[in-house]
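Both counts, for ligands and for their atoms, begin at 1 and track the order of listing. Scope of the values below: all heavy atoms of this structure, side chains included, with no hydrogens, waters or symmetry mates. Bear in mind that the values here come from a model prediction, so they are computed numbers and not experimental data.
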Amino acid sequence: MILCKSIAELRALLKPLKTQGKTVGLVPTMGALHAGHGSLIAASARENDFTVVSVFVNPTQFGPNEDLDAYPRTLESDCQLAEKMGANAVFAPSVHEMYPSEDMTWVEVTGNITKVLCGKSRPIHFRGVTTVVAKLFLIAAPDRAYFGQKDAQQAEVIKRMVKDLFFDLELRIMPIVREEDGLAKSSRNTYLNAKERQAALCLSRSLKEAERLYRNGERNPEVLKKAVRNVLNAEPLAEIDYVDIYAVPGLKEPAVPLTGENLLAIAVKIGTTRLIDNVVLGDITTC
Ligand code: AMP
């Protein structure tokens with residue numbers, strides 16, 4: 001497996017593959033790779049001739065009081081996991097490589113889709129995500145790009161960007177990978193101490209309760225949100241950021257009673273660690 005640190009190196013690597021008609025899959029990550037990332041890499045390796053995993057802790061998607069400095073950086077073990085899951089190259093650029101000038105171009109999806117849910121407490125987050133993902137798409141020009149349903153709003157925002165900017169690629173959104181006890185895998189889980197790790201189970205538990213009610217016919221979004229809040233409020237270490245329901249695709253206000261597919265998304269602070277999780281309520285549920 002090849003480690004590229006510069007844009008020029010990656011382009012030089014991919015160019016001959018493309019002229020040979022080989023397909024390229026891109027898996028954008030911030031590193032600290034775990035089995036959730038692994039599932040995206042494995043899917044890309046199955047579906048493409050060549051898989052590139054980008055590892056870049058993108059500063060523009062972190063707010064001033066967020067965890068940019070503390071975010072785990074583990075490039076060596078990331079390369080090992082990426083290779084094991086079938087990656088052919090890891091692209092790990094420096095901040096200067098990706099943002100060479102203080103004057104810069106932003107790529108921003110506007111409207112409710114970036115203002116609701118995480119957009120409320122992280123107002124600049126999605127602008128940073130779409131800017132870096134657009135750069136990665138332009139550098140690697142992948143045939144397919146892989147994202148996780150774990151970051152469901154991010155997936156919706158990127159779908160919008162790909163449509164609006166006519167990126168010629170297929171987006172593949174892969175299911176949430178969980179620990180055996182239900183906690184969604186996340187690089188931020190490493191911040192949790194033993195007590196907090198246990199407390200964090202309230203996230204998946206609360207979504208399961210909503211799924212149970214939904215399966216039993218409950219279609220009132222307020223009742224479903226209340227049930228989720230009740231489970232979360234019962235956990236003393238949990239502090240709710242949001243519990244909300246939006247129609248998918250597009251994150252529009254849901255129909256009442258609920259019809260079609262709707263995203264039930266939550267963000268909860270466990271101690272100082274902010275965790276997110278979600279489930280799609282519809283014909284097929286995924287939690
Ligand atoms: P991150 O490194 O957190 O930016 O995540 C990189 C990609 O991996 C994003 O598309 C995430 O949605 C995806 N991802 C992170 N955790 C999981 C998980 N538990 N299951 C599936 N995909 C995930």
Atoms of ligand 1 under 4.0 Å from any heavy atom of K185, numbered from 1 in the order shown, are 16 (N), 17 (C), 18 (C), 19 (N)
among protein heavy atoms, the one nearest atom 11 (C) of ligand 1 is D151 OD2, 3.0 Å
protein heavy-atom neighbour closest to atom 20 (N) of ligand 1 works out as V177 N, 2.9 Å
Item to complete: Check whether the side chains of Y99 and T60 place a donor and an acceptor atom closer than 3.5 Å, and report yes or no.
Response: yes
Checking heavy atoms under 4.0 Å, the part of P28 that sits near ligand 1 is backbone
Counting heavy atoms under 4.0 Å, the part of L40 that contacts ligand 1 is side chain
Exercise. In plain terms, say whether D143 and R172 are close enough for a salt bridge, that is, a side-chain N and a carboxylate O under 4.0 Å apart.
Key: no
shortest atom 21 (C) of ligand 1-to-protein heavy-atom contact is with P175 O, 3.4 Å
Worksheet item: Going by atom types alone, do Y191 and D67 pair a side-chain donor with an acceptor below 3.5 Å?
Response: yes
Sequence neighbours excluded, the answer for side chain to side chain donor-acceptor pair (under 3.5 Å) partners of D241 is S121, R274
Would you tabulate the side-chain donor-acceptor contacts of residues 2-9 under 3.5 Å, counting partners in other chains and residues two or more places apart, or write 'none'?
unit_1: S6; atom_1: OG; unit_2: E9; atom_2: N; d: 3.1
unit_1: S6; atom_1: OG; unit_2: E9; atom_2: OE1; d: 3.2
unit_1: E9; atom_1: OE1; unit_2: K5; atom_2: N; d: 3.2
unit_1: E9; atom_1: OE1; unit_2: S6; atom_2: N; d: 3.1

(message) Quick one about Y146 and N48 (side-chain donor to acceptor, distance below 3.5 Å, no hydrogens or angles considered), yes or no?
(response) yes
Margin query: Under 4.0 Å, counting heavy atoms only: does Q154 come that close to any atom of ligand 1?
Written below: yes
In terms of its nearest heavy atom to atom 16 (N) of ligand 1, the top option of H34, M30, H37 is H34
Atom 10 (O) of ligand 1 has as its nearest protein heavy atom G148 N, 2.9 Å
Per-atom filter on ligand 1: closer than 4.0 angstrom to a heavy atom of F147 are 10 (O)
Open item on the list: Are V157 and T130 packed together at the side-chain level, in the sense that at least one heavy-atom pair is separated by less than 4.5 angstrom?
Closed with: yes
If you scan protein heavy atoms around atom 17 (C) of ligand 1, the nearest is K150 CB, 3.6 Å
